[in-house]
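Structure record follows, encoded as C-alpha cells.
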Amino acid sequence: MEAPAHLVRIDGRTILSRADFYAAVDKVEGTPDWIGHNLDALFDVLVAIWPKPTTLEWTYATASATAMGADFDILTGVLRDAENEPRSRFTFRAFDGEAGPADKDF
C-alpha cells in the first residue's frame with residue numbers, strides 16, 4: 001500500500017523574494033536544518049529528501065511572480081526539473097488563487 005502523499009502548500013502572497021521561498025521550504029516537515037539556501041540544495045530536497053510522493057502547491061503564484069521577477073522563473077525551473085527527474089515522485093502545481101489551476105504557464 002502506497003504512503004499518503006506529502007502535500008506542501010506555500011502562499012505566494014508571502015513569497016516575495018528568493019529568501020522568502022527558502023524560509024518557507026525550511027518550515028516544511030522533512031527539510032533538514034542543515035540544508036543550504038541554493039538551487040542545488042533545493043533540487044536535492046525535492047528529489048531525495050522530502051517524503052515520497054510529494055506535491056508542492058504554490059497558491060497565488062502571480063503575486064510571487066510579479067514581486068520576484070526572474071527569481072520566480074529560476075525557482076519554478078528547478079521545481080519543474082525536479083518534477084521531471086525520473087523516480088522523483090515530486091509534483092509541482094501553481095495556482096493564480098487559492099484553488100484551481102493557473103491560467104498562465106508558470
Side-chain angles (χ1 to χ4, degrees):
M1 182 173 177
E2 184 162 325
H6 182 235
L7 177 62
V8 174
R9 293 191 89 193
I10 59 172
D11 185 333
R13 296 171 296 186
T14 65
I15 308 296
L16 306 178
S17 68
R18 197 183 289 207
D20 291 342
F21 179 82
Y22 286 125
V25 168
D26 285 343
K27 293 177 187 172
V28 174
E29 184 178 341
T31 303
D33 318 1
W34 48 261
I35 204 69
H37 290 176
N38 61 67
L39 300 175
D40 289 334
L42 174 61
F43 184 85
D44 290 345
V45 165
L46 302 173
V47 171
I49 296 175
W50 280 355
K52 303 299 176 227
T54 291
T55 298
L56 187 147
E57 293 183 348
W58 193 326
T59 62
Y60 298 97
T62 301
S64 295
T66 300
M68 296 173 69
D71 276 347
F72 179 83
D73 295 333
I74 291 166
L75 288 171
T76 56
V78 172
L79 298 174
R80 295 284 182 215
D81 288 347
E83 186 174 43
N84 292 321
E85 180 68 23
R87 297 180 304 232
S88 75
R89 299 180 65 208
F90 173 77
T91 305
F92 169 59
R93 293 188 181 111
F95 302 95
D96 269 341
E98 183 63 35
D103 24 336
K104 99 188 242 198
D105 185 15
F106 291 103

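Listed here is the closest heavy atom pair of A63 and G12: CB-O, 3.8 Å. Taking both residues in full, the closest heavy atoms of I49 and G30 are given as CG2-O, 3.3 Å, listed atom of the first, atom of the second, then distance. Heavy atoms only, all atoms of each residue included: F72 and A61 are closest at CE1-O, 3.8 Å. Of all heavy-atom pairs spanning Y60 and D11, the tightest one is CD1-OD1, 3.6 Å. Smallest separation of non-hydrogen atoms from G97 and T59: O-CB, 3.4 Å.
Both I10 and F43 sit in one connected hydrophobic cluster of ILVMFWY residues. Membership requires side-chain heavy atoms under 4.5 Å apart, directly or through other members. Side-chain heavy atoms closer than 4.5 Å link hydrophobic residues (I, L, V, M, F, W, Y) into clusters, and following such links, possibly through other members, connects V45 to V78. When the side chains of ILVMFWY residues are joined at heavy-atom separations under 4.5 Å, either directly or via intervening members, I15 and V8 end up in a single hydrophobic cluster. Clustering ILVMFWY residues whenever any of their side-chain heavy atoms sit less than 4.5 angstrom apart, transitively, puts V47 in the very cluster that holds V28.
L56 is not listed as a side-chain neighbour of L7, based on a closest heavy-atom distance of 4.5 Å or more. Taking 4.5 Å as the limit, some side-chain heavy atom of L46 sits within range of a side-chain heavy atom of L79. Residues H6 and T55 form no side-chain contact, since every pair of their non-hydrogen atoms from C-beta on lies 4.5 Å or further apart. A 4.5 Å side-chain heavy-atom check between Y22 and L75 finds at least one atom pair inside the cut-off. Considering only heavy atoms from C-beta on, I74 comes within 4.5 Å of L39 through its side chain.
F21 CZ to H37 NE2: the interatomic distance, rounded to the nearest 0.5 Å, is 10.5 Å. With values rounded to the nearest 0.5 angstrom, E83 atom CD is found 8.5 Å from R93 atom CZ. To the nearest 0.5 Å, atoms CH2 (W50) and CD (E29) are separated by 11.5 Å. A distance of 10.0 Å separates OG in S64 from CZ in R13, rounded to the nearest 0.5 Å. The CD1 atom of I35 sits 8.5 Å away from atom CG of L42, with the distance rounded to the nearest 0.5 Å.
Judged purely by distance below 3.5 Å, without hydrogens or angles, the side chains of T31 and D26 never pair a donor atom with an acceptor atom.
Here S17 pairs with A19, D20 under the side chain to side chain contact (heavy atoms under 4.5 Å, CB included) rule; sequence neighbours left out. Remark: D44 pairs with no residue by the side-chain hydrogen bond (donor to acceptor under 3.5 Å, both in side chains) rule, at least two apart or across chains. Residues satisfying the salt bridge (Lys or Arg N to Asp or Glu O under 4.0 Å) criterion with D71, sequence neighbours excluded, are R18.
Ring pair F92/W58 is perpendicular by interplanar angle, where above 60° counts as perpendicular and below 30° as parallel.
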